[in-house]
Amino acid sequence: MSKVLALANQKGGVGKTTTSVNLAASLAATKRKVLLIDLDPQGNATMGVGVDKNALEQTFCDCLLDGLDAHEVVHHIENAGIDLLPANADMTAAEVELMRADNAEQRLKNSIASVVDEYDYVLIDCPPALNMLTLNALVASDGVIIPMQCEYYALEGLTALMDTINQVRSSVNPDLQIEGLLRTMFDPRNTLSNDVSAQLIEHFGDRVYRTIVPRNVRLAEAPSYGLPALLYEKTSRGALAYLALAGEMLRRETRSNAASAAV
Ligand code: ATP
Ligand code: MG
């Protein structure tokens with residue numbers, strides 16, 4: 001069974017793309033079949049796995065707007081062992097045009113219907129906004145991963161995201177789960193980070209991943225080589241953190257499957 005996960009947080013620069021790319025590569029390293037979907041006009045996930053966003057003739061935008069089959073747009077990223085549905089600035093048009101479309105919020109779900117069963121995990125890198133694109137991702141997903149920096153305004157932003165998730169749940173996608181909250185760019189020497197981290201655990205309990213992604217310069221450098229950190233420097237603390245995150249996700253999955261089998 002494939003699992004579709006949106007990486008979402010309307011706050012910019014919190015590590016959505018870094019997490020999408022590196023989690024995708026880490027899950028692939030454990031022999032899972034992974035599709036990475038770039039839903040951001042910035043095209044950072046696309047560039048981050050080494051695809052030139054400006055040289056693309058077709059992007060996932062063509063699937064969303066014109067109903068092009070996703071198979072036509074999938075890029076196989078040989079070194080990372082993942083597939084990619086890429087994006088570039090054309091996705092800005094999708095955001096605008098979707099507003100006028102019928103069943104606007106269902107477009108992404110329909111666009112990936114022909115490919116989703118070929119994968120164990122589909123990871124959707126959302127733009128930094130609670131817009132129609134992010135809404136499409138939430139409608140199509142089984143769960144949401146929320147990367148966040150443990151800063152003063154982080155919790156404030158979460159309220160709006162939770163409201164949106166609850167609206168999607170109460171309308172079109174009642175099964176949408178909070179898959180997990182991920183602490184990114186973490187600096188344990190910072191008192192505020194530790195305070196915010198403690199508050200997160202108080203509010204969300206075991207929905208907060210135990211894995212913490214530290215601030216690590218290799219994670220910031222790797223995209224300029226078009227590589228996940230695992231392929232850029234596999235022993236870096238950043239690469240190891242994302243391997244640990246993949247391990248934690250897979251263990252959780254095994255536990256919840258065992259629990260539902262026992263019912
Ligand atoms: P946007 O909202 O613009 O899409 P984002 O949430 O996708 O941003 P990223 O692009 O993943 O965030 O990260 C923002 C910046 O921080 C990037 O330059 C990235 O390389 C860097 N970065 C992300 N995670 C880490 C980390 N753990 N350590 C150091 N740098 C990081
Ligand atoms: Mg991003």
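Whatever order the structure lists ligands and atoms in, that order sets their numbers, starting from 1. Excluded from the calculations below are hydrogen atoms, water molecules and symmetry mates; all remaining heavy atoms, backbone and side chain alike, are included. Computed from a predicted model, the values in this text were never measured in an experiment.
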Polar contact flag, side-chain donor to acceptor under 3.5 angstrom, Asp187-Ser193
no
Which atoms of ligand 1 have any heavy atom of Val213 under 4.0 Å away?
27 (N)
What protein heavy atom is closest to atom 13 (O) of ligand 1, reported as residue, atom name and distance in Å?
Thr18 OG1, 3.7 Å
Apart from Met47 itself, its cluster of hydrophobic side chains linked below 4.5 Å comprises none
Ignoring hydrogens, just give me the one of Ala220, Gly238, Gly13 whose non-hydrogen atom is nearest atom 30 (N) of ligand 1.
Ala220
Please identify which atoms of ligand 1 are closer than 4.0 Å to at least one heavy atom of Asp40.
4 (O)
Within 4.0 Å of some non-hydrogen atom of Gly12, the atoms of ligand 1 are 2 (O)
Sub-3.5 Å N/O-N/O distance, Gln42 and ligand 1:
yes
Can you list the protein N, O or S atoms less than 2.8 Å from the Mg ion (ligand 2)?
Thr17 OG1
Sub-4.0 Å protein heavy atom near atom 18 (O) of ligand 1:
no
Would you call Asn131 and Pro127 a side-chain contact if the rule is heavy atoms closer than 4.5 Å?
yes
Which ligand 1 atoms are under 4.0 Å away from a heavy-atom of Asn216?
26 (C), 28 (N), 29 (C)
Just to confirm my output: which protein heavy-atom neighbour is closest to atom 31 (C) of ligand 1, and how far is it?
Met185 CG, 3.9 Å
Ligand 1 N/O within reach of Lys16 N/O, cut-off under 3.5 Å:
yes
Gap between atom OG1 of Thr46 and atom NZ of Lys53 - 0.5 Å precision:
8.5 Å
Among residues two or more places apart or on two chains, list those pairs meeting ring pair (Phe, Tyr, Trp, His ring centres under 6.0 Å) that have a residue in residues 225-263.
Tyr225-Tyr232
According to a hydrophobic-cluster definition based on side-chain heavy atoms being under 4.5 Å apart (Ile, Leu, Val, Met, Phe, Trp, Tyr only), do Leu39 and Leu35 belong together?
yes
Please assess Thr164 against Asn166 for the test side-chain contact (heavy atoms from CB on, under 4.5 Å), listing each intermediate value before the final yes or no.
CA-CA 5 Å; Thr164 305; Asn166 286 330; over 6 Å; no
Run the numbers for me: atoms of ligand 1, each under 4.0 Å from some heavy atom of Pro214, listed by number.
26 (C), 27 (N), 28 (N)
Give yes if a backbone or side-chain nitrogen or oxygen of Thr17 is under 3.5 Å from a nitrogen or oxygen of ligand 1, and no if not.
yes
May I ask whether Val14 has any heavy atom positioned less than 4.0 angstrom from an atom of ligand 1?
yes
The single option from Val208, Val213, Thr211, Val196 that satisfies side-chain contact (heavy atoms from CB on, under 4.5 Å) with Arg183 is Val208
Sub-4.0 Å heavy-atom approach of Gly15 to ligand 1:
yes
Quick one: does Thr19's side chain get under 4.5 Å of Thr184's, heavy atoms only?
yes
For Arg218, the salt bridge (Lys or Arg N to Asp or Glu O under 4.0 Å) test, sequence neighbours excluded, returns Glu221, Glu233
Ala222 touching ligand 1 at heavy-atom level, < 4.0 angstrom:
no
Does NZ or CZ of Lys3 fall inside the cone over Tyr121's six-membered ring, less than 6.0 Å from its centre and within 45° of the axis?
no
